[in-house]
2 protein chains.
Amino acid sequence: MSQTVDRALSILPLLAQGPADLGQVAERLGVHKSTALRLLRTLHEHGLVHRQQDQRYRLGARLFALAQEAVENLDIREIAHPYLTALNERIGHTVHLAVYEEGEVLYIDKVESRYPVRMYSRIGKPVAITVAAVAKLLLADLPEPERRAVAGKLDYPPYTSRSTPNAAAFLKELATVREQGWATDLGGHEESINCVGAPIRGADGRVVAAMSVSAPNVVVTAEELLSLLPQVRGTADAISREYSGEAPTKEASA
Amino acid sequence: MSQTVDRALSILPLLAQGPADLGQVAERLGVHKSTALRLLRTLHEHGLVHRQQDQRYRLGARLFALAQEAVENLDIREIAHPYLTALNERIGHTVHLAVYEEGEVLYIDKVESRYPVRMYSRIGKPVAITVAAVAKLLLADLPEPERRAVAGKLDYPPYTSRSTPNAAAFLKELATVREQGWATDLGGHEESINCVGAPIRGADGRVVAAMSVSAPNVVVTAEELLSLLPQVRGTADAISREYSGEAPTKEASA
DNA sequence: AATGAGCGTTGCACATCCCGCAACGTCCAC
DNA sequence: GTGGACGTTGCGGGATGTGCAACGCTCATT
């Protein structure tokens with residue numbers, strides 16, 4: 001919509017792939033060097049871009065700060081965190097929290113056995129959207145046209161033999177998920193990893209986030225993991241209730 | 001430098017404080033609503049801002065993805081190299097850069113008087129992990145359980161009479177290193193070689209790499225080498241700052 | 001049910017501000 | 001010493017962003 005800003009912002013994903021010098025930026029942007037220079041300078045003044053010793057540009061610190069602030073401002077994360085921790089302490093396995101945004105599903109929190117969350121190493125990473133339990137939960141709740149549109153645009157990488165193969169299978173799986181109110185990923189992303197997840201809903205009943213529990217099948221079989229479903233759903237429902245405005249339950253500290 | 005981009009980017013820190021509607025954005029930017037709308041639309045198309053149910057704007061998901069990608073592509077070696085070279089030119093001795101990965105410590109860069117050595121010559125050749133200064137620095141920062149696990153699995157070859165003899169001694173040494181923020185290897189690997197090293201930290205304070213200066217004691221005594229510690233730490237800190245996104249200092253060219 | 005306030009959105013004419021050009025300075029390699 | 005590559009600068013033309021005013025919509029109020 002705004003040419004100048006559009007060009008400037010296009011520089012960011014370009015630099016995310018790795019440092020680049022002025023000429024490379026100008027070329028990949030399809031503009032004159034002097035134009036690229038002005039854009040980069042502006043980005044630099046705002047700290048979004050950083051210039052290293054060899055004068056090449058890379059993404060700057062303010063970007064990380066912004067990303068962190070943004071994730072901290074997600075109130076669902078704040079509310080959910082104690083519940084996730086409590087569940088993790090009870091059952092030991094890795095617990096994920098994810099949201100849907102603009103065609104992507106992103107992890108926004110993670111609690112791993114004994115290890116505190118490492119902000120930048122995992123959170124913010126886009127989920128394997130065609131197979132992850134949390135992705136199924138979030139997409140299953142989209143309005144039908146959007147759901148269909150998203151499913152049609154996706155790639156369906158065959159991570160394993162049990163990965164979702166195509167849009168038709170995916171939509172069918174989403175229908176099942178929506179009906180039963182929970183989802184699984186049984187070796188669809190990595191052969192030996194199983195997940196079971198449940199949706200977190202706002203006051204209006206719409207799914208605002210999804211959580212899942214993951215474990216390698218050398219530790220627990222898929223059946224054993226499924227037996228944890230009531231606890232996962234219980235936690236998700238407790239989060240939903242608090243998010244919807246009810247007083248916190250004992251669930252978080254149980 | 002570019003007014004339009006400047007205004008657009010000014011929206012981001014504004015939204016970082018919390019969601020805002022069009023009017024608020026326009027007012028705080030000091031522009032007309034229609035202008036703010038166009039800027040927000042452009043930001044929206046790039047996924048940097050997100051529009052929530054109540055139509056208010058907040059920071060978007062792509063911000064996380066960008067930060068994530070950027071961190072993964074941060075190449076410590078590239079950033080550190082000019083600093084290492086500068087230090088080498090100032091003090092003359094061999095300078096090493098190393099990282100920890102999957103239970104091993106690897107040299108990833110080395111600057112020897114006048115001869116920069118490519119990583120290939122050294123990679124795959126693990127560091128003498130129980131005695132090297134860089135190894136101590138990297139292991140000292142691991143979470144306690146992992147540190148203990150690694151220390152327990154190691155062999156403790158008696159390279160010299162001053163080599164680390166066993167896991168208990170090693171863990172004790174690591175505790176010292178973590179506390180003082182630097183490390184040495186005084187004849188622990190080869191009788192006549194001393195090293196002094198310092199950690200390089202990421203924005204979150206975690207040790208991402210370590211560097212050291214080595215010299216044979218026929219050239220400089222251990223005491224003389226230790227007197228270089230401030231310069232080593234200064235260099236390591238400068239690298240840490242640039243790696244974390246701060247503007248480069250004069251350190252590299254001093 | 002009618003009214004009006006508040007907000008986001010649209011089309012438009014003006015002139016601002018961005019664009020590409022070409023030339024310069026600098027650094028490095030040959 | 002010379003050529004090339006790269007970043008940088010000033011400048012004129014014109015594309016592009018700007019603010020204005022009017023419109024549609026939702027919602028609260030009467």
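Chain A is the first sequence line, chain B the second, and so forth, proteins listed ahead of strands; every chain is numbered from 1.
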Got B/Arg62 and A/Leu12 here, is their nearest side-chain heavy-atom distance under 4.5 Å?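 Not touching, per the 4.5 Å side-chain cut-off.
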Within a strict 4.5 Å, meaning less than it, do heavy atoms of the B/Trp182 and B/Val232 side chains meet?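 Not touching, per the 4.5 Å side-chain cut-off.
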B/Val5 backbone acceptor or donor facing A/Thr42 side chain under 3.5 Å: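 The answer is no, because no donor-acceptor pair under 3.5 Å joins these two groups.
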Return the value, rounded to whole Å, for the distance between atom [atom1] of [X] and atom [atom2] of [N].
{"X": "A/Asp21", "N": "D/dT8", "atom1": "CG", "atom2": "C1'", "result": "14 Å"}
{"X": "A/Leu40", "N": "D/dG7", "atom1": "CG", "atom2": "P", "result": "10 Å"}
{"X": "B/Glu27", "N": "C/dC7", "atom1": "CD", "atom2": "P", "result": "10 Å"}
{"X": "B/Leu37", "N": "C/dC7", "atom1": "CG", "atom2": "C1'", "result": "11 Å"}
{"X": "B/Arg51", "N": "C/dC7", "atom1": "CZ", "atom2": "P", "result": "13 Å"}
{"X": "A/Arg56", "N": "D/dA5", "atom1": "CZ", "atom2": "P", "result": "18 Å"}
{"X": "B/Asp6", "N": "D/dG17", "atom1": "CG", "atom2": "C1'", "result": "14 Å"}

Go along nucleotides 16-26 of chain C 5' to 3' and tag each nucleotide: B for a protein heavy atom under 4.0 Å from its base, S when only backbone or sugar atoms are that close, - otherwise. -SSBBBB----
Using a 6.0 Å cut-off, check whether atom CD of A/Glu27 has over 12 heavy atoms from anything other than its own residue.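 Incorrect, the count does not exceed 12.
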Would you indicate whether A/Glu144, at its atom CD, is surrounded by more than 12 heavy atoms from other residues, nucleotides or ligands within a distance under 6.0 Å? yes
A/Arg41 has its side chain closest, among D/dT9, D/dG7, C/dT9, to D/dT9
Scan B/Thr235, B/Ile200, B/Val207 and name whichever one has a side-chain contact (heavy atoms from CB on, under 4.5 Å) with B/Ser240. B/Ile200
Every protein N/O lying under 3.5 Å from an N/O of nucleotides 28-30 of chain C:
none

Between atom CE of B/Met211 and atom SG of B/Cys195, what is the distance when rounded to the nearest 0.5 Å?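 The CE atom of B/Met211 sits 12.0 Å away from the SG atom of B/Cys195.
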Measure the acute angle between the ring planes of B/His44 and B/His50, then classify it against the limits of 30° and 60° as parallel, tilted or perpendicular. parallel
